Amino acid sequence: MFLYLLAIIPLCLLVKFVSKTSVLHILKKWLRLLQDKFYVYQFYKVPQFNHNMQENQLYRKISTYLNSLPCVEDSDFTNLFSGSKSNDINLVLNADQKIVDNFLGARISWINEKDEKTGARSFVLKIRRNDKRQILRAYLQHIHSKFDEIEQRRKEVRLFVNVNDESNRNGNGNRRWISVPFTHPATLDTVVMEQDLKNKVKADLETFLKSKQHYNRIGRIWKRNYLLHGPSGTGKSTFIAAMANFLSYDVYNIDLSNVSDDSDLKLLLLQSTNKSLIVIEDLDSYLCNISTALSFSAILNFMDGIFSCCGDERVMIFTMNSKDQIDPAVLRPGRIDHHIHFPLCDFNAFKSLANSHLGLKDHKLFPQVEENFQTGSVLSPAEISEIMISNRSSPSRALKLVISTHQSNKESSESDKYPQGLIKSKSVRPMVESGAFGKESVNDLRKFYGLVRIKSSRKKSLDFDTSEK
């Protein structure tokens, strides 16, 4: 019995030990110890304060960077703090904790030290001496870049609008912009758009954020210009909000009606900041009715002229309902880098809206909705969204209203091709009276006119169906 206990106790201790750690973790630890025996290391200390007790900015950047690494969750001890936003939780390394980072194939260790006497904190960098010359400077630059990205995401995004000259003269001095917090909830994930196109735009923005050195090398301004075109209500403004939230850029929305002349437009651009979205909406409407206050050349120079270089990392966005009648000089490469079309709602977009607004992935009325869309779309995503929001308590009623509204708008668009006053017009009446159309043609016209009147009265009587739940 005694011998049995002697045999079983070590086994129980081993099982308990393995259950708490894991064989793989032990092997990795032994391997690291062996590596430490064969490699010569260099150590760098980054104190929180300098000798004058001023904060060391490098310490702050390293702290922000390290606490953003996924491996912080694997640390032996990590502090949890609430973030600036109500749903944010920040992970912060505790004193004397070690964290391992990898950069360009090199293994880099950091230790968060705390002086027991003074309470001052320091980060100690441990790096192989053979790797020092190859990666040290690049690694520190990498930390700077990541810190800037993290701070950009954390900052409060604001919406700026330009005030007119009269407001400027009434006490604002040179202040041409006023701002409010930008709290639009749209994200690239919630925007209703073809997934492939959405992925391409997202990839393009991510590449743009990392392209400072590339733009400098080729001698181009670090900016990107987008044209969003499509009918009203197709989601152009919502997409701009999603881009702003994705980039964490301030939005400068320029109202051209509040611009007094060409110089004023340049001043607005000069007073905007780096890392911002510069937005001009409904540019086609303004170009087709351009006033003498602002010249056509001023618009072109605003898009890619010398004044557009007064700032880095900017995204310019222009929206149009249609670009068919626009001068090609406005749309050429260099002024517009990407054209994104926002069409009327199709069946795929409808299903996305039904899923997000009503929680429907399928419904018995979907085939009927799809059949309507196959004949051509006449509803914008905004119109369908409003129907679904107003009837979110009854998905069936919402779908029936989408069907009836689509049919009504389809009939209305077809009747617009043949105005109701066609037979009464001066150009048609003589032909009818003289028999130019023939007897059968006259009868056909009369039948068509009666059909249009019936469809028109049907459209006027359309109302919300409250019977179906």
Side-chain angles (χ1 to χ4, degrees), residues 159-162 184 186 188 191-194 196-198 200-202 204-205 208 223-244 246-247 249 251-259 262 264-266 268-269 272 276-305 307-308 314-346 349 376-385 409 413 416:
L159 171 64
F160 292 79
V161 294
N162 58 306
H184 200 293
L188 291 180
V191 166
V192 176
M193 174 184 280
E194 183 184 346
D196 288 343
L197 177 58
K198 189 188 298 187
K200 289 179 180 178
V201 174
K202 187 175 181 179
D204 184 68
L205 291 174
F208 170 77
K223 70 179 181 68
R224 205 78 170 142
N225 287 13
Y226 287 83
L227 172 65
L228 314 183
H229 62 98
S232 298
T234 50
K236 299 185 292 294
S237 297
T238 301
F239 189 72
I240 293 173
M243 291 176 72
F246 178 77
L247 297 169
Y249 280 9
V251 180
Y252 286 81
N253 193 298
I254 298 180
D255 182 357
L256 292 179
S257 64
N258 284 337
V259 179
D262 295 1
D264 191 31
L265 184 61
K266 296 174 183 177
L268 288 171
L269 190 57
S272 61
S276 58
L277 264 69
I278 313 294
V279 179
I280 294 182
E281 297 188 272
D282 299 324
L283 181 60
D284 54 333
S285 177
Y286 188 85
L287 290 176
C288 293
N289 302 281
I290 195 163
S291 66
T292 56
L294 196 61
S295 66
F296 180 69
S297 62
I299 298 292
L300 299 183
N301 290 331
F302 175 86
M303 298 173 77
D304 71 341
F307 278 85
S308 66
R314 283 176 171 161
V315 175
M316 289 188 172
I317 304 178
F318 307 92
T319 72
M320 297 181 183
N321 288 337
S322 173
K323 62 177 185 176
D324 295 339
Q325 305 300 322
I326 302 301
D327 192 318
V330 177
L331 307 176
R332 69 164 176 79
R335 290 201 173 105
I336 300 296
D337 299 307
H338 279 290
H339 298 239
I340 303 178
H341 180 229
F342 287 76
L344 292 171
C345 196
D346 60 10
S377 179
V378 293
L379 293 177
S380 68
E383 291 175 291
I384 294 179
S385 293
N409 284 17
S413 64
D416 286 343

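One-based numbering along the sequence shown. Here the structure is a predicted model, which means the values were calculated and not measured.
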Q: Taking the side chain as every heavy atom from C-beta outward, state whether Tyr226 and Phe239 have any pair of such atoms under 4.5 Å apart.
A: no
Q) So, does Asn162 use its side chain to make a donor-acceptor pair with the main chain of Asp255 at under 3.5 Å? A) yes
Q. What is the distance from atom CD1 of Ile280 to atom CE of Met303, rounded to the nearest 0.5 Å?
A. 8.0 Å
Q | Considering all heavy atoms, the nearest Ile240-Leu277 contact | A | O-CD2, 3.8 Å
Q. Can you list the residues that meet the ring-ring contact (aromatic ring centres under 6.0 Å, His included) rule with Phe208, with sequence neighbours excluded?
A. Trp222
(Q) My understanding is that only residues two or more places apart in sequence, or in another chain, count here; which of them pass side chain to side chain donor-acceptor pair (under 3.5 Å) with Lys323? (A) His339
Q | side chain to side chain donor-acceptor pair (under 3.5 Å) partners for Asn225, two or more places apart | A | Lys223
Q: State, to 0.1 Å, how close Cys345 and Ser380 come at their nearest heavy-atom pair, and which atoms those are.
A: CB-C, 4.1 Å
(Q) Run the ring-ring contact (aromatic ring centres under 6.0 Å, His included) test against His184 and tell me which residues pass, sequence neighbours left out. (A) none
Q.
Once side chain to side chain donor-acceptor pair (under 3.5 Å) is applied, do any residues pair with Ser276, and if so which ones, sequence neighbours excluded?
A. none
Q: Please list, chain by chain and in numerical order, all residues satisfying ring-ring contact (aromatic ring centres under 6.0 Å, His included) with Phe160, sequence neighbours excluded.
A: Tyr252
Q) CD1 of Ile317 to CG of Leu283: how many Å apart, nearest 0.5 Å? A) 13.0 Å
Q: With sequence neighbours excluded, tell me which residues meet ring-ring contact (aromatic ring centres under 6.0 Å, His included) with Tyr249.
A: none
**Q.** Qualifying side-chain hydrogen bond (donor to acceptor under 3.5 Å, both in side chains) pairs with a residue from residues 233-244, counting only residues at least two apart or across chains
**A.** Ser237-Glu281
Q) Do Leu269 and Arg314 come within less than 4.5 Å of each other through their side chains, counting heavy atoms only? A) yes
**Q.** Results of side chain to side chain donor-acceptor pair (under 3.5 Å) for Asp324 - residues two or more places apart only
**A.** Ser322
Q) Atom NZ in Lys200, atom CD1 in Ile340: separation rounded to 0.5 Å? A) 11.0 Å
Q) Can you find a heavy atom in the side chain of Leu256 that is under 4.5 Å from one in the side chain of Ile299? A) yes
**Q.** salt bridge (charged side-chain N to carboxylate O under 4.0 Å, His left out) contacts in which one or both residues fall within residues 326-337, not counting sequence neighbours
**A.** Asp304-Arg332, Asp304-Arg335
Q: Evaluate side chain to side chain contact (heavy atoms under 4.5 Å, CB included) for Met320 paired with Leu331, printing each intermediate quantity in order.
A: CA-CA 11 Å; Met320 297 181 183; Leu331 307 176; 4.2 Å; yes
Q.
Within this structure, what is the CG-CG distance for the pair Leu287 and Leu294, rounded to the nearest 0.5 Å?
A. 9.5 Å
Q.
Rounded at 0.5 Å granularity, tell me how far CG in Leu247 sits from CG in Leu205.
A. 5.0 Å
Q | Residues in salt bridge (Lys or Arg N to Asp or Glu O under 4.0 Å) contact with Asp204, at least two apart in sequence or another chain | A | Arg224
Q.
Walk me through whether Leu300 and Val330 qualify under side chain to side chain contact (heavy atoms under 4.5 Å, CB included).
A. CA-CA 7 Å; Leu300 299 183; Val330 177; 3.8 Å; yes
Q | side-chain contact (heavy atoms from CB on, under 4.5 Å) partners of Asp282, counting only residues at least two apart | A | Asp284, Ser285, Thr319, Asn321
Q) Is a side-chain donor or acceptor of Asp262 paired with a backbone partner of Ser295 at a separation under 3.5 angstrom? A) yes
Q. Can you tell me how far CD1 of Ile254 sits from CG of Leu265, rounded to the nearest 0.5 angstrom?
A. 6.0 Å
